[in-house]
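Inspection log for the structure reproduced underneath, given as structure tokens.
Throughout, protein chains are lettered first and strands after them, A, B, ... in sequence-line order, and every chain is numbered starting at 1.
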Amino acid sequence: MATNTEPIRDEAKEALNFLEEIIEEDLRTGRHSTIQTRFPPEPNGYLHIGHAKSICLNFGLAEKYGGKCNLRYDDTNPTSEEQEYVDSILADVRWLGFEPAQVLYASDYFDQLYEWAKVLIQKGLAYVDFSTPEEIAAQKGSPTVPGTPNQYRNTSPEENLTLFERMKNGEFPDGHCVLRAKIDLASPNMHLRDPYMYRIKHAHHHRTGDKWCIYPMYDWAHGQSDSIERITHSICTLEFAPHRPLYEWFIEQLGIFPSRQYEFARLNLTYTVMSKRKLLQLVQEGYVNGWDDPRMPTISGLRRRGYTPESIREFAHRVGVAKRENIIDVSLLEFCIREDLNRRALRRFAVLRPLRMVITNYPEGEVEWLETENNPEDRNAGNRTVPFSRELYIEQDDFLENPPPKYFRLYPGGMVRLKSAYIVECTGVEKDDHGQITAVLCRYIPESRSGSDTSGLKVKGTIHWLSAAHARTAEVRLYDRLFQVEDPASEEDFKKAINPNSLEVISNALIEPMLTETQPGDHFQFTRLGYFCTDPDSAPGKPVFNRTVTLKDTWAKEAKKQGS
RNA sequence: UGGCCCAUGGUGUAACGGUAGCACAGCAGAUUUUGGUUCUGUUUGUCAGGGUUCGAAUCCUUGUGGGCCAACCA
């Protein structure tokens, strides 16, 4: 329920990023009356958190300024693109919470592009080149040495038109020739040294089938596609900045709608890699279990890990937009999901590494159903009851025979509160022949029951627990960062930096009875442990949980300090 | 040794010639039946030199450092 006295979040006072400034200026001056953006992935892999930033930017800008945003697949290279990727991309965009104004494909424009190529040829601005790739590379010179023209550069437009048509008709094998724009072989910008427009590929395209055997290059397709869609602000990452003069040259020569390109710095995250090539390697070489492995920075991986769309959108907002190279601390991402889930996730009891506890003064066979809150941050989440009995399980970490200083949990002679139940005092331990503790013995304080505590006792620690007779089992997958170094991409071999302990599977964790009814995608906070999400691998009666992120753990820090 | 882009605490990001702020992380404390949450406090910064100006993170200039660019990839 929104309070009306609260001003609508003061967006006006919030600082604008450089793209917002450009847009507001364009709107103010009347250069555009509305804006049109697009998110243009190539369907050759799964989307990752870096794409999420771009999606949030493009759709977010359109939303903010009352414009529209298209999803356009940049499908100009049939040999690396697949329908599987097309489908996953749309699903990810929608999951993030955005609906494209239109779902379009660069391949929709192949006919138009072909016609426009002929226009350039007629203007003497494009020619068919039969040189080998090596020859062309050599003729391009280097950044400090101008390129040199070859014989094909002088072919007449008429001849080029014929040649280009023959290319299109499939009269030449792959790689036999290319269509090049005739611009400036001496340009200090290598992209202007007669760039390729078309290459021959007798390949099946996932949408156009076998209609074409020539396919446009990125530079020849992208700006024209933007123009066709009347994209006002074509936002891309920094590495495309040197392409901008070419982007503008094509549009100018064709005299078509002048879309403008703007570049921003792509997102990098600590302890992971972001390039599609590297992610593909992780998948293909079995370092992870697929694109949606919860350790992957892919959107599908984050989803399976338990990240919510809201948390990712918030993250994208918080990282900001600028032109400076950056590497965002993954702790910001973790902050965003904790912030979101703290508000929304229902609390449940789970014991990952069980230790038996026997309450020696509690009647055998008796069971009490005790009330506990589903979410202390949200009164509307209500309460639930959990069974309490003589034999319990607690977390191994919550008992120590010889506790270090500042240890608030249980130890011989010490007292803790069992969350939402009673205060117990440890009276001793049971050990096996090897000296291993098999049970913690306690006596409980009957008048310390939560909600009606008249004991007057104050304890420092509160721990979670499960009634042994009522506990159910579940598989719990504990994930840690995939890499051991902050910036694996800068390593000689990024795969050597892989964290060998990025996944720990606990196949017999204990959970409270209610938790067996969960559905894949459900989020919970396991009290005192962290946020967990039900995995699709769950089977009836045997749920599987992924740890999204731990709770902040100041004791772990303190213990580490003491240890070192 | 060509062109383009960039440079603000540990990490990001504001300040649009006029008090260097915010967030995350860190540290310290208060509250707490989650060592969670919440609250309070706090450490740390304008790459360097020159110039313009009453005044420069901001404008100019030189340097330094980083990134990108020559694929029949996008």
- Go through B:A14, B:U11, B:A74 for me and flag the one nearest to the A:Asn77 side chain. B:A74
- Note on the structure: The nucleotide from B:U34, B:G26, B:U11 with an atom nearest the side chain of A:Lys557 is B:G26
- Message: Applying a 4.0 Å non-hydrogen cut-off, can you work out what A:Thr76 is touching in the nucleic acid: base, sugar-phosphate, or nothing?
- Response: sugar-phosphate
- Measure from the side-chain heavy atoms of A:Arg199 and tell me the nearest of B:U34, B:U33, B:A74. B:A74
- Message: I'd like to know if the side chain of A:Arg193 and the backbone of A:Ser187 have a donor-acceptor N/O pair within less than 3.5 Å.
- Response: yes
- Task: Please tell me which of A:Glu339 and A:Gly451 maps to the more 5' nucleotide of RNA chain B, matching each residue to the nucleotide holding its nearest heavy atom.
- Result: A:Gly451
- Query: Mapping A:Ile463 and A:Glu239 onto RNA chain B by nearest heavy atom, which one lands closer to the 5' end?
  - Reply: A:Ile463
- Please state whether the base of B:U13 and the side chain of A:Arg318 form at least one donor-acceptor pair under 3.5 Å? no
- Task: Test for a donor-acceptor pair under 3.5 Å between the base of B:U34 and the side chain of A:Arg528, counting only N and O atoms.
- Result: no
- Separation of A:Ile445 CD1 from A:Ser455 OG (nearest 0.5 Å): 7.0 Å
- Which of A:Phe264, A:Tyr247, A:Tyr218 passes ring pair (Phe, Tyr, Trp, His ring centres under 6.0 Å) with A:Phe240? Answer is A:Tyr218
- Message: When you measure only distances, ignoring hydrogens and angles, does the side chain of A:Glu377 come within 3.5 Å of the base of B:G36 through a donor and an acceptor?
- Response: yes
- Whole-angstrom distance between B:U52 and B:U58, as gauged at atom C1': 13 Å
- Item | Side-chain heavy atoms of A:Gln261 within contact of A:Glu263, under 4.5 Å | yes
- Query: Of the nucleotides B:C69, B:U34, B:C73, which one has an atom closest to the side chain of A:Leu551?
  - Reply: B:U34
- Note on the structure: Of the candidates B:C69, B:G35, B:U34, the side chain of A:Thr527 sits closest to B:U34
- Ignoring hydrogens and angles, answer whether the base of B:A74 and the side-chain atoms of A:His243 contain a donor-acceptor pair closer than 3.5 Å. yes
- Hey, is A:Trp555 stacking on B:G35? Ring centres under 5.5 Å, planes under 30°. yes
